[in-house]
Amino acid sequence: MKLSNVFYFKHMVDYYYPDEDKSAVKIKTVIKKEQENIKLISDEDFTEIMICCFIPDLYSGMGKREKLFTKFTELMVGEWWRRMGGTYCLPTKKSGTQDVELIYDKISIVCDAKVFRLGRSQKAPNVKDFLKLASVGLWIDKLNADYREKGIKRSAIGGLVTYSSLHEWESDSEVYEECTNRHTPVVMLPYEILSLLLKYKKRVRLSDLIKMWDYSANGVKPSRQKDYYWSYVTNFICRLLSISNEQYQLEMKQFRNDIMIAVQEYRKIIDDTIEEVKRNISHDIDNHSSSMESLKIYIMKELEKRDNATARSYLAHIENFRHYEDN
């Protein structure tokens, strides 16, 4: 695991925004440039970049850095599809449309590329924030209408949601029912499964992978059961890649071990920030106070508690939620 891969997108965002006060960049221009640069990365490095894709917790919420990081995530998913043998389109207008249009021959899939902070306050996102089935249906309908209007012989067949499995639901959920809907088939895949597919891409024909969305032919029935959904996905992937379930589980375990290495590296950023705040407080007190030593310690403790409250809450969320049961 290379640290340059763990923080690949963070380094890119920090290059364009060394601080939040910098003027907003032209995202379309930046993405076009990085679209070419990312092609130069090896598949092995690219898989590490994918599985380590988390919004840095200390980025301000809904700020310029977070927005650019999210755009890079969408580029990442499109690039994954390109490496698998397809093409993709990143819509210039985001309102009411998919993040990425994944294209292969006469078929397309609308994709919602999710990226989260490790220190978010819930184990898993709210289902309605993760997947709005009605919205996916509208994206598909709009895309198909555009194809007809432009005379393009292509049809959108379903949706894909990509995300980190560290934000997976622990038990049965409405999300699995949404992802087993025959009328609007939506497959949700964590980034380590995308990485596994890329690792064995020589065994994969996109025409076969796309069959995963054919819920009717594959006998998929609506179900809230977590085990039912993942049994379907796992069995399909194993057949597609010609690997055993045991090998599949070993591959997933290795990817998730690497993810946990990345988590520790993200934790270090927060830990280092906490220590820097403590040093700064100590420096300020030394320069501005000639009070008793006990008062100095008390003030330092209170100020550190106040200034590190957000960072410590991130660490608590990571400790409580970002791990795998078998680790």
Side-chain angles (χ1 to χ4, degrees), residues 47 50-51 53 76-77 80-81 83-86 99-100 102 104 107-116 123-125 127 130-131 133 136 140 156-201 203-256 258-259 324-326:
T47 59
M50 281 200 295
I51 64 175
C53 190
M76 177 186 77
V77 176
W80 164 77
W81 186 255
R83 290 173 185 240
M84 293 299 299
D99 291 336
V100 194
L102 306 177
Y104 177 71
I107 295 296
S108 71
I109 295 166
V110 297
C111 178
D112 193 356
K114 298 293 186 183
V115 59
F116 302 111
K123 167 66 177 176
V127 174
F130 183 81
L131 172 61
L133 201 60
V136 176
I140 291 171
I157 62 168
L160 171 66
V161 183
T162 61
Y163 66 108
S164 169
S165 61
L166 276 177
H167 297 80
E168 175 67 77
W169 285 260
E170 287 186 342
S171 57
D172 298 346
S173 168
E174 179 187 353
V175 73
Y176 303 111
E177 187 172 22
E178 298 279 85
C179 288
T180 51
N181 182 292
R182 288 190 178 186
H183 178 68
T184 308
V186 177
V187 174
M188 66 179 201
L189 296 176
Y191 290 115
E192 62 262 36
I193 291 185
L194 269 59
S195 296
L196 180 68
L197 290 166
L198 183 59
K199 179 178 179 179
Y200 291 102
K201 69 178 184 180
R203 303 184 186 184
V204 179
R205 291 187 300 180
L206 284 184
S207 56
D208 290 332
L209 176 58
I210 287 171
K211 293 176 183 176
M212 183 184 286
W213 279 262
D214 195 345
Y215 284 177
S216 296
N218 296 333
V220 176
K221 299 178 181 178
S223 172
R224 293 176 59 93
Q225 295 180 12
K226 178 178 180 177
D227 288 346
Y228 176 83
Y229 176 79
W230 287 116
S231 176
Y232 170 69
V233 170
T234 301
N235 290 335
F236 188 97
I237 297 293
C238 286
R239 289 194 303 271
L240 181 71
L241 303 182
S242 299
I243 61 175
S244 66
N245 185 275
E246 290 75 18
Q247 183 179 350
Y248 174 89
Q249 297 303 335
L250 285 173
E251 298 271 9
M252 290 298 103
K253 184 175 179 61
Q254 183 56 59
F255 279 128
R256 289 172 181 177
D258 289 343
I259 290 171
Y324 295 104
E325 295 299 324
D326 57 351

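Because the structure is predicted, anything quoted here is derived from the model rather than measured.
Contact of the V220 side chain with the Y228 side chain is registered, since non-hydrogen atoms from C-beta on lie closer than 4.5 Å. Between L241 and L196 the shortest side-chain heavy-atom distance falls below 4.5 Å. Here the side chains of E178 and M188 are not in contact, with every heavy-atom distance at 4.5 Å or above. A 4.5 Å side-chain heavy-atom check between T180 and P222 finds at least one atom pair inside the cut-off.
When atom types are taken as modelled, the side chain of Y215 and the backbone of V186 share a donor-acceptor pair closer than 3.5 angstrom. A donor-acceptor pair under 3.5 Å is formed between the side chain of S244 and the backbone N or O of Q247. Using a distance-only test at 3.5 Å, with no hydrogens or angles considered, no donor-acceptor pair links the side chain of R224 to the main chain of D172. Formation of a donor-acceptor pair under 3.5 Å by the T47 side chain with backbone atoms of S195 is not found in this model. In this structure a side-chain-to-backbone donor-acceptor pair under 3.5 Å is present from N218 to K211.
Counting all heavy atoms, side chain and backbone alike, E192 lies closest to R256 at OE2-NE, 2.8 Å. Considering every non-hydrogen atom in both S164 and P190, the closest pair reads C-CB, 4.5 Å. Taking both residues in full, the closest heavy atoms of C179 and L131 are given as SG-CD2, 3.7 Å, listed atom of the first, atom of the second, then distance. Residue V77 comes nearest to A113 through the heavy atom pair CG2-CB, 3.8 Å, listed as atom of the first residue, atom of the second, then distance. Nearest approach of S207 to Y104, heavy atoms of both residues: N-CE2, 3.7 Å. Shortest non-hydrogen contact noted between G159 and I140 is N-CD1, 4.4 Å.
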**OP:** For side chain to side chain contact (heavy atoms under 4.5 Å, CB included), just list the numbers for M84 and W80, CA-CA rounded to whole Å, side-chain angles, deciding distance to a tenth of an Å, and then say yes or no.
**Re:** CA-CA 6 Å; M84 293 299 299; W80 164 77; 3.7 Å; yes
Original post:
Please walk me through it: do V115 and M76 pass side chain to side chain contact (heavy atoms under 4.5 Å, CB included)?
Top reply: CA-CA 11 Å; V115 59; M76 177 186 77; over 6 Å; no
**OP:** Determine, stepwise, if the pair S223 / Q225 fulfils side chain to side chain contact (heavy atoms under 4.5 Å, CB included).
**Re:** CA-CA 5 Å; S223 172; Q225 295 180 12; 3.3 Å; yes
**OP:** Could you please spell out the steps behind the side chain to side chain contact (heavy atoms under 4.5 Å, CB included) verdict for I193 and Y248?
**Re:** CA-CA 10 Å; I193 291 185; Y248 174 89; 3.3 Å; yes
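Ring pair H167/F116 is tilted by interplanar angle, where 30° to 60° counts as tilted.
Taking CE of M212 as the reference point, atom CD1 of I237 lies at 3.5 Å (rounded to 0.5 Å). With rounding to the nearest 0.5 Å, the separation of CD in Q254 from CD1 in I51 is 8.5 Å. Separation of atoms CG (L197) and CG (L240) is listed at 6.5 Å; rounding is to 0.5 Å. With values rounded to the nearest 0.5 angstrom, I157 atom CD1 is found 5.0 Å from I107 atom CD1. Expressed to the nearest 0.5 Å, how far OH of Y191 lies from CE of M50 amounts to 9.0 Å. How far CZ of R205 is from CD1 of I210: 12.0 Å, rounded to the nearest 0.5 Å.
Checked against the 6.0 Å centroid threshold, W169 and Y229 do not count as a close aromatic pair.
If you check the side chains of Y200 and S242, you find no donor sitting under 3.5 Å from an acceptor. Remark: the E177 side chain and the N181 side chain contain no N/O donor-acceptor pair separated by less than 3.5 Å.
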